[in-house]
Amino acid sequence: LDQPEARGLLVADSRVHRDFMVKPYVKGAPSTDKFAIAHRRGGRCGVANSLDEIRELPEDWGYDGDRIADAIAAHNAAARPSGHLTPE
C-alpha cells in the first residue's frame, strides 16, 4: 500500500509475539523473530512491561502515549468479561 510519509504503531502482547511474530509458518521450520528483524533494520521498536511505560513513548515517535495507553486499558476492560473482544 503506497502511503507516502505514513506510519503505524503495532501494539501486541506476549501471546501475539509468541504465536504470530516468532512462530514458524511451517511446523518444524526455524523460528524467525519478525520484531527483532524490524529492530535490526532500523525500525523504532520498544517493549513496555506496563501501561505506564507506554505512556512514556518517545515524543519524537509522534504518538500520544497517554491516549494509546488509555485505549489499551479500555480494550482490555471490554475483553475481560468474555475473555475476548469482537472487533466492531
Side-chain angles (χ1 to χ4, degrees):
L1 184 64
D2 184 19
Q3 296 202 7
E5 304 300 319
R7 63 192 169 102
L9 178 68
L10 169 66
V11 177
D13 61 12
S14 59
R15 181 192 62 82
V16 169
H17 182 260
R18 178 191 68 237
D19 292 350
F20 297 99
M21 294 180 180
V22 178
K23 188 175 182 178
Y25 292 114
V26 178
K27 188 176 180 178
S31 171
T32 303
D33 187 338
K34 295 158 200 73
F35 181 85
I37 291 171
H39 187 258
R40 281 195 309 271
R41 291 186 177 173
R44 292 179 175 172
C45 301
V47 175
N49 293 306
S50 69
L51 288 178
D52 286 336
E53 290 181 14
I54 288 175
R55 292 181 191 286
E56 299 170 8
L57 278 171
E59 278 187 37
D60 65 328
W61 286 14
Y63 296 101
D64 181 339
D66 287 328
R67 187 172 177 189
I68 293 166
D70 291 344
I72 293 168
H75 171 87
N76 290 347
R80 275 193 194 97
S82 66
H84 67 279
L85 184 68
T86 302
E88 295 180 10

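Just the heavy atoms: all of them, side chains too, but no hydrogens, waters or symmetry mates, feed the values below.
Grouping Ile, Leu, Val, Met, Phe, Trp and Tyr by side-chain contacts under 4.5 Å, direct or through others, puts Val11 with Leu9, Leu51, Ile54, Leu57, Trp61, Tyr63, Ile68, Ile72.
Minimum interatomic distance between Phe35 and Gly46 (heavy atoms only, all atoms of both residues): CZ-O, 3.6 Å.
Around CZ of Arg67, the count of heavy atoms belonging to other residues, nucleotides or ligands within 6.0 Å does not exceed 12.
Taking the side-chain contact (heavy atoms from CB on, under 4.5 Å) definition, one finds that Glu53 meets it with Ala48, Asn49, Ser50, sequence neighbours left out.
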I'd like a table of donor-acceptor pairs (distance under 3.5 Å, sequence neighbours excluded) in which one partner is a side-chain atom from residues 18-28, with atom names and distances.
none

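Counting only residues at least two apart or in different chains, salt bridge (charged side-chain N to carboxylate O under 4.0 Å, His left out) contacts with residues 68-77 comprise Arg55-Asp70. Sorted by first and then second residue, the side chain to side chain donor-acceptor pair (under 3.5 Å) pairs with a member in residues 29-41 read His17-Asp33; sequence neighbours excluded.
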